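Start at 1 with the first residue, then count along the sequence. From a predicted model like this one, the values you see are computed outputs, not experimental measurements.
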Amino acid sequence: MRVTKANVTRACAICERTLLMGEHAYRFSPDGSDYVDVCPLCQEVALEYGWVREGIPVTPALQPPLRRKRSLLASLLGARPAEPEPVVSEPILRRLGDDEIALVEAADLFNASQFRRTVTGVAKALGEPRVSIVPLSGVNSEMVVTFAWDISWYQYRVQPEAAQPVRLEERGHDIGDLDEGFTDWNAQLDATGRLMPEIERL
Ligand SMILES: [Zn+2]
């Protein structure tokens, strides 16, 4: 069943499940400005990722104690990674070819974006995703990053030259809907929640 108007269906931003008519959803903001729906099952995950619950002021004093006692892993997967570690170090980068450097750049841009939190949040609920980074043909160096689980996928467009270099392109529920060109899984989400291209020489 498909509802034609996109704004009629509400889906949980974390597990992507379509919310039932009348089902209570919580409103959370991953970035402090835009709010998304989160289903009751994923409420904990949203809190853990530091998403801001609608109507709750963001002052350190009011942070739930959970936030302060987070495990190392949780802080690595963390809500607000200040500056994510570059995917490869400078000396290795110098040994890579242009194609590989493009993959690394796309990964670095993605890791620095707010969407990293969305993906690590979903991975927490659904497990490790299959991941691909695919350059689009053309003169500009646009890339498509795809994260796929059996019941959900997210696809991001990375445009290094753009003011907002990463944006959500499309998402869906059926991995079978993905174009074959995006299913050559050449990257992964590492243990710290970073997108890492699989490059042999790394
Ligand atoms: Zn959910």
A187: side chain to side chain contact (heavy atoms under 4.5 Å, CB included) partners, not counting sequence neighbours | V131, I133, L195

Residues forming a ring-ring contact (aromatic ring centres under 6.0 Å, His included) with F115, sequence neighbours excluded | Y156

When hydrophobic residues are tied together by side-chain contacts of less than 4.5 Å, even through go-betweens, does M196 share a cluster with F110?
-> no

Would you call S141 and E161 a side-chain contact if the rule is heavy atoms closer than 4.5 Å?
-> yes

Side chain to side chain contact (heavy atoms under 4.5 Å, CB included) filter on D108, not counting sequence neighbours, yields P86, V87, V104

In short, A13 meets V36 closest at the heavy-atom pair CB-CG2, 3.5 Å

Distance (rounded to the nearest 0.5 Å) between E100 CD and I199 CD1 = 5.0 Å

Measuring from M143:CE to L103:CG, what's the distance to the nearest 0.5 Å?
-> 4.5 Å

Side-chain heavy atoms under 4.5 angstrom apart, residues restricted to Ile, Leu, Val, Met, Phe, Trp, Tyr: same cluster for L168 and I14?
-> no

Same apolar cluster (I L V M F W Y, side chains within < 4.5 Å links), L189/V122 | yes

Any donor-acceptor pair under 3.5 Å linking the side chain of T18 with the backbone of A11?
-> no

Hydrophobic cluster partners of W153 (side-chain heavy atoms under 4.5 Å) = I175, L178, W185

What pairs with S132 under side chain to side chain donor-acceptor pair (under 3.5 Å), at least two apart in sequence or on another chain?
-> none

Working to the nearest 0.5 Å, report the span between CD of Q114 and CD of Q164.
-> 6.5 Å

Identify the two heavy atoms, one from C15 and one from C12, that lie closest to each other, and give their separation to 0.1 Å.
-> N-SG, 3.4 Å

Residue pair I151 / E16, side-chain heavy-atom distance below 4.5 Å | no

By side chain to side chain donor-acceptor pair (under 3.5 Å), R17 pairs with (sequence neighbours left out) E23

Going by chain and number, the hydrophobic cluster around L20 (ILVMFWY, side chain to side chain under 4.5 Å) further includes none

Report the distance from atom OG of S29 to atom CG of D34, rounding to the nearest 0.5 Å.
-> 6.5 Å

Listed partners of E170 passing side chain to side chain donor-acceptor pair (under 3.5 Å), at least two apart = none

Rounded distance [0.5 Å steps], CD in E198 versus CG in N186 | 7.0 Å

Residues forming a ring-ring contact (aromatic ring centres under 6.0 Å, His included) with Y26, sequence neighbours excluded = H24

Quick note, salt bridge (charged side-chain N to carboxylate O under 4.0 Å, His left out) partners involving residues 126-135, not counting sequence neighbours, are R130-D150

In terms of hydrophobic clusters joined by side-chain contacts under 4.5 Å, are V45 and W149 together?
-> no

Distance col, row T118:OG1 vs R171:CZ, nearest 0.5 angstrom, shows 8.5 Å

Contacts of Q188 that satisfy side chain to side chain donor-acceptor pair (under 3.5 Å) - sequence neighbours left out | none

Which pair of non-hydrogen atoms, one from L126 and one from S152, has the smallest distance, and what is that distance?
-> CD1-CB, 4.0 Å

For I101, the side chain to side chain contact (heavy atoms under 4.5 Å, CB included) test, sequence neighbours excluded, returns L93, L96, E105

Treating Ile, Leu, Val, Met, Phe, Trp and Tyr as nodes and any side-chain heavy-atom pair under 4.5 angstrom as an edge, say whether V145 and Y154 lie in one connected cluster.
-> yes

